[in-house]
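The first residue of the sequence shown is numbered 1, and numbering continues consecutively from there. For ligands, and for the atoms within them, numbers begin at 1 and follow the listed sequence.
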Amino acid sequence: MNRVNSIVNAYLLVENGIISAFGPMAECPESPHKSRNMEGKWVMPGFVDSHTHMVFASSRHNEYVMRLQGKTYAEIAAEGGGILNSAKRLGAMDEESLYRQAYKHALQAIACGTTALEIKSGYGLTVDSELKMLRVIKRLKQTLPITIKATFLGAHAFPSEYKDNHNAYIDLIIREMLPRIAAEQLADFIDVFCDEGFFSVKETDRILTEGAKYGLRAKIHGNELGLTGGVQVAVKHSALSVDHLEHVGDKEINYLLNSNTMPVALPGSSFFLKIPYTPARKMIDKGLPLAIASDFNPGSSPHYNLWFTWSLACLYNGMMPHEGFNALTINAANALGIHETHGSITKGKKASLIITRAFDHINEMPYWFSQNHALEVLV
Ligand code: NIG
Ligand code: FE
């Protein structure tokens, strides 16, 4: 977690969008290629944002003010606000408008250095709206120059008409949503919000088992609101990642240590909801790797600037600057299953790079908080 290699005065050769060589400037080969002088700048791997809800209809500034007046996120959700509020608005918006809005958000995220991105559904919660969201994500994959992965999150919340009949909604997910999503190849992964007041461990287990039949590997929302068993069910299903983890005890850490599931902290949502931060220091000291992501969404984390995520992780999750760097690059790529092509400057990987101004030290990157340090982003 705490090692980042760097070369002062280096060259980097890109051919057909792939890093084909790099090393000290003294060893720079004669090249017929176009060259650019990066003197005085830093060249680093692009960020991977492994957890976002980038497709949504509108902001939830009204709930933000309700929270400022003293209501909690859970109270607002229990009254039919929160995710259900976003679902109502998304149901009323056409696919084209949703696409155009998400496209704009994505361009801004790219300008901040995001060169690979996960986007979840989960503001649909009906067959038609979930498909609509996933088609928007598919179109973003086709039109944006970065790598995008789609995650099906039909199990984000129970629509109010299923409040007292959870099984009927889960049946809808399993019998109607999953087969159509698979037929149209709309999802790469499957997610469940496994937490207090949302999906139980048993319900999560059932949905993940069905998802696996379509080859959808799990990326779980777990342990945001309590020690709810999200980690255990994620590990049981060999989930690619388990995300949030504001509540993690020794038992959860031991489960993760014996797994190939990447834990992902989301400091932006802890900051915005004023809830505990994932105990990253403790987890890393016990030998775990960690990724961090923006969780960009209108309810709990309306931000996509991963430089700020990095600063929060250092100040409040107890991470060191080098650990934050790895958490945003190679470990985040791992949490998205794209570590063979993204997340580091490695021969053969995609030349998705951030060019920054000169810093005296890598520690300065999270130190100058809330800024976008990317002068240029190459994808
Ligand atoms: O990652 N925790 C669950 N889902 C989202 C929030 C969704 C919302 O409030 O709109 C999250 O925080
Ligand atoms: Fe999320």
For the residue pair [Y] / [X], report whether a side-chain donor-acceptor contact shorter than 3.5 Å exists.
| X | Y | value |
| --- | --- | --- |
| Glu118 | Thr151 | yes |
| Lys350 | Thr341 | no |
| His244 | His51 | no |
| Thr126 | Asp128 | no |

For His51, the ligand 1 atoms whose distance to one of its heavy atoms is below 4.0 Å: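 Near His51, the atoms of ligand 1 are 1 (O).
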Where ligand 1 meets Asn297 - atom numbers and elements under 4.0 angstrom, heavy-atom basis: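 Counting atoms of ligand 1 from 1, those under 4.0 Å from Asn297 are 6 (C), 7 (C), 8 (C), 9 (O), 10 (O), 11 (C), 12 (O).
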Polar contact flag for Ser269 and ligand 1 (N/O pairs, less than 3.5 Å):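 N/O-N/O distance below 3.5 Å does not exist for this pair.
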Contact (N/O only, under 3.5 Å) between Arg60 and ligand 1: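 Yes, there is a polar N/O contact under 3.5 Å.
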Ring centroid separation Phe308 to Phe271 under 6.0 Å: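 That pair passes the under 6.0 Å test.
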Run the salt-bridge test on [X] and [Y] with the 4.0 Å N-O cut-off and return the result as yes or no.
| X | Y | value |
| --- | --- | --- |
| Lys71 | Glu79 | yes |
| Arg180 | Glu130 | no |
| Arg100 | Asp94 | no |
| Arg139 | Glu96 | yes |

Proximity of Tyr123 to ligand 1 by residue part, where a heavy atom lies under 4.0 Å: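 For Tyr123, only side-chain atoms sit under 4.0 Å from ligand 1.
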Identify, for [atom], the protein heavy atom at the shortest distance, and state residue, atom and that distance.
| atom | value |
| --- | --- |
| atom 3 (C) of ligand 1 | Phe193 CE2, 3.4 Å |
| atom 11 (C) of ligand 1 | Asp295 OD2, 3.2 Å |
| atom 9 (O) of ligand 1 | Tyr73 OH, 2.4 Å |
| atom 12 (O) of ligand 1 | Ser300 OG, 2.6 Å |
| atom 4 (N) of ligand 1 | His156 NE2, 2.8 Å |
| atom 2 (N) of ligand 1 | Glu224 OE1, 2.7 Å |

Phe158 and His166 aromatic ring geometry - parallel, tilted or perpendicular at 30°/60° bounds: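 The rings of His166 and Phe158 lie parallel, inter-plane angle below 30°.
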Quiz item: cation-pi between Arg206 and Phe199, 6.0 Å / 45°: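 Ring-cation test returns no.
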Protein N/O/S count near the Fe ion (ligand 2) (criterion: distance under 2.8 Å):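 Atoms of protein N, O or S type lying less than 2.8 Å from the Fe ion (ligand 2) total 4.
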